[in-house]
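Everything quoted here is computed from the prediction, not taken from an experiment.
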Amino acid sequence: MSIKSIAAKIFAKKIHKQTQKWASNPVETQQKVFNDLIRQAKETQFGKDHNFNSIKTFEDFAKQVPIRDYEELKPYVDRVVKGEENILWKGKPLYFAKTSGTTSGAKYIPLTKESMPFHIQAARNAILSYIHETGKADFVDGKMIFLQGSPILEEKNGIKLGRLSGIVAHFVPKYLQKNRMPSWETNCIDDWETKVDAIVQETFKEDMAVISGIPSWVQMYFEKLHQKAQKPVGEIFKNFSLFIYGGVNYEPYRAKFENLIGQKVDSIELFPASEGFFAYQSRNFGIKNEEGMLLLLNSGIFYEFVKADEFFKENPKRYTIGEVELNVNYVLILSTNAGLWAYNIGDTIQFTSLKPYRVIVSGRIKHYISAFGEHVIGKEVETALQEAMENTDIQVNEFTVAPQIAPQSGLPYHEWFIEFENEPNNLEEFALKIDNAMRKQNVYYDDLIVGKVLRTLVITKVSKNGFQEYMKSIGKLGGQNKLPRLSNDRKIADFFEKTEQR
């Protein structure tokens, strides 16, 4: 065992003790974060506009600060982008994380000197938690790769901006720089396909021990490695032992990954975003993560939760950490030390444990299907597909779901667009398995099937690399971009209808 791995174990033990301290006092920890945020923002323009001086309790805050999404907070953000100080948070941000907006083009999410360290610490602590729980630390001596956006930053009114993953690349600790891949030059390549090809060339003969990224794009990297070597990734990288991922559920990819790797490897699930680093997996790393991720309650973020089925009502009840229940679908609301206040990030979560607080990401509040009142969410379609694939050799590369409201004949249905690696012998039988799994989970969907409002779902096969072509067509190939698992319209479906008919 190297000095580096011994030191990692000692540090991991220290961080574990610190984590246990705040995790065992969740309400007090969140109250402290809340008080600190209000205190530091009293003299900002937002604080004055919302009378922070009079806020003594969360109830005061909820009365004075409405829930907003980016579009509603944009007038304040625009002033920060123009270079004004003390608007949402004291002074100016260190960076803007630039993300894709839905209605107003690019979104600029501020990162401050107070918020930025938590992004780095959370990623570090996730790995240290793995070391403490498993006792495995030898991987710290191997090479590590993080598939991420370009670290080249622009500048806007004296504030640097770029993709979050590119900004984070500037904060990699010195002790990891020697082991980190790809090279700075390769990381700066903007075109994703060119970049992955370059990463393959650079890493092909290296001792890769840790690989990290969004599963769909790591899969692309693995496939190119496999094509080049004509052998599993686990034989190319004999010490590859840990996969770190976030952004999407790993389970639909797991079988394909294990096939590409040629063996099982431990994995750590993360829940990061430009707005903050919210949670990470802290136990059971070698198996399916059903326990959820530890919600980070001491990271400069005050959390609120609104029940998803009440979210679009006028003035829905806002819950704090001590009031949440297990297995309820909540919209995640944030107030942060980057100056986001009662901010709707768009993600929905469910609590799997209250001691400590663990969560799973269940979907997006805007990514759902309810064309007939069925309220289908991302977690349900992922679980249904996973159940249907169990104990089979079926492998799925990617999928998305859309409603078909006006079919040429027969009843409406949910249309599943699936790119198979190994497809089922009987597509209709497989569709029925998924449908039954959906009906078990969602009583509204079941009622619509029983009442003959909907018929059994229909699977439309997508050709090889079809989803990559779709993401490329909308300028979102690679990096931190994610394919919506489901949508309430047919924008994605229309793309496949056109391309598959050519």
Side-chain angles (χ1 to χ4, degrees), residues 19 22-23 26 29-30 33 97 99 109 111 115-130 133 146-148 163-165 168 212-218 242-253 267-285 288-305 308 321 324 327-336 338 340 343-354 356-365 367 377-379 382 479-485:
T19 301
W22 62 255
T29 298
Q30 276 284 276
V33 170
T99 69
I109 306 299
L111 297 166
S115 71
M116 196 65 222
F118 285 113
H119 284 272
I120 311 307
Q121 287 172 20
R124 178 203 69 189
N125 290 355
I127 296 173
L128 291 171
S129 180
Y130 171 80
E133 284 290 315
F146 301 92
L147 294 178
Q148 56 192 188
R163 300 290 179 184
L164 175 65
S165 60
V168 168
S212 175
I214 290 178
S216 49
W217 308 127
V218 175
L242 182 60
F243 173 49
I244 304 173
Y245 68 94
V248 298
N249 184 2
Y250 180 39
E251 292 313 311
Y253 301 93
S267 59
I268 306 175
E269 183 177 8
L270 311 178
F271 185 11
S274 299
E275 294 85 351
F277 200 124
F278 311 126
Y280 58 73
Q281 184 178 355
S282 62
R283 297 198 329 184
N284 297 337
F285 300 99
K288 180 179 176 181
N289 182 25
E290 293 180 330
E291 265 202 339
M293 296 169 282
L294 183 69
L295 187 64
L296 305 181
L297 302 175
N298 71 329
S299 296
I301 301 170
F302 178 74
Y303 299 97
E304 300 176 55
F305 311 91
I321 195 66
V324 296
N327 305 316
V328 174
N329 210 33
Y330 291 103
V331 180
L332 188 62
I333 308 298
L334 315 168
S335 295
T336 78
L340 302 176
Y343 184 85
N344 170 23
I345 189 177
D347 286 316
T348 58
I349 58 101
Q350 293 179 7
F351 285 90
T352 57
S353 166
L354 304 182
Y357 286 91
R358 299 185 191 277
V359 299
I360 57 169
V361 181
S362 53
R364 300 276 295 168
I365 193 63
H367 291 170
I377 62 174
K379 175 181 175 288
E382 289 177 339
Q480 304 306 112
N481 297 307
K482 295 162 283 189
L483 174 80
R485 278 286 175 248

Exercise for the section: Please examine the side chains of V361 and K379, heavy atoms only from C-beta on, and report whether any two atoms are closer than 4.5 Å. Expected result: no
Exercise for the section: Return yes if some donor-acceptor pair links the side-chain N/O of Q350 with the main-chain N/O of N327 below 3.5 Å, else return no. Expected result: no
Practice task
For the pair Y357 (side chain) and I321 (backbone), establish whether a donor and an acceptor sit closer than 3.5 Å, ignoring hydrogens and angles.
Solution key: yes
Practice task
Would you please indicate if the ring centroids of Y253 and Y245 are separated by under 6.0 Å?
Solution key: no
Problem - Donor-acceptor contact present, side-chain S212 to main-chain F146, <3.5 Å - result: no
Problem - Spacing of CD1 belonging to I360 relative to CD1 belonging to I349, to within rounding of 0.5 Å - result: 9.0 Å
Handout entry: Separation between CZ of R283 and OH of Y130, rounded to the nearest 0.5 Å
Key = 16.0 Å
Practice task
Could you pull out the closest heavy-atom pair between A279 and M293, with the gap in Å?
Solution key: CB-CB, 3.7 Å
Exercise for the section: Examine distances only and state if a side-chain atom of Q30 and a backbone atom of L297 form a donor-acceptor pair shorter than 3.5 Å. Expected result: yes
Practice task
Write down the atom of A126, the atom of L270, and the distance for their closest heavy-atom approach.
Solution key: CB-CD2, 3.6 Å
Problem - Within-4.5 Å side-chain heavy-atom neighbours: L147 and I214 - result: no
Problem - Pair F271-L332, side-chain contact (heavy atoms from CB on, under 4.5 Å): steps then yes or no - result: CA-CA 12 Å; F271 185 11; L332 188 62; 4.1 Å; yes
Exercise for the section: Verify the distance criterion only: is there a donor paired with an acceptor across the side chains of S282 and R358 at less than 3.5 Å? Expected result: yes
Problem - Point-to-point distance, once rounded to the nearest 0.5 Å, from CG of L295 to OG1 of T352 - result: 10.5 Å
Handout entry: CD on E269 to CD on E291, rounded to 0.5 Å
Key = 12.0 Å
Exercise for the section: First locate atom CG of N125, then atom CG of L296, and finally report the distance between them rounded to the nearest 0.5 Å. Expected result: 8.0 Å
Problem - Minimum heavy-atom distance A123-F277, with the two atoms named - result: N-CE1, 3.8 Å
Problem - For the student: nearest non-hydrogen atoms of T99 and S274, plus distance - result: CG2-OG, 3.2 Å
Handout entry: For A23, all residues meeting side-chain contact (heavy atoms from CB on, under 4.5 Å), sequence neighbours excluded
Key = P356
Problem - Sidechain-backbone polar pair: T29 side chain, N298 backbone, donor-acceptor under 3.5 Å - result: no
Handout entry: Student check: side-chain heavy atoms of F302 and E304 closer than 4.5 Å
Key = yes
Exercise for the section: Would you check if L242 and F285 make a side-chain contact, meaning some heavy-atom pair closer than 4.5 Å? Expected result: no
Practice task
Taking all heavy atoms of S115 and all of A338, pick out the closest pair and write down the distance.
Solution key: OG-CB, 3.7 Å
Exercise for the section: Decide yes or no for I333 and F305: does some side-chain heavy atom of the first lie under 4.5 Å from some side-chain heavy atom of the second? Expected result: no
Practice task
Identify, with sequence neighbours excluded, every residue that meets side chain to side chain donor-acceptor pair (under 3.5 Å) alongside S362.
Solution key: N329, T348
Completion exercise
Hits for side-chain contact (heavy atoms from CB on, under 4.5 Å) against I301, two or more places apart or cross-chain, chain-then-number order -> F278, Y303, L334, T336
Practice task
State whether the side chain of Q281 and the backbone N or O of N284 hold a donor-acceptor pair below 3.5 Å, judged by distance alone.
Solution key: yes
Handout entry: Contact check, side chains of L111 and H119, non-hydrogen atoms, under 4.5 Å
Key = yes
Handout entry: pair Y280-S129: side-chain heavy atoms closer than 4.5 Å
Key = yes
Practice task
Decide yes or no for L340 and I345: does some side-chain heavy atom of the first lie under 4.5 Å from some side-chain heavy atom of the second?
Solution key: no
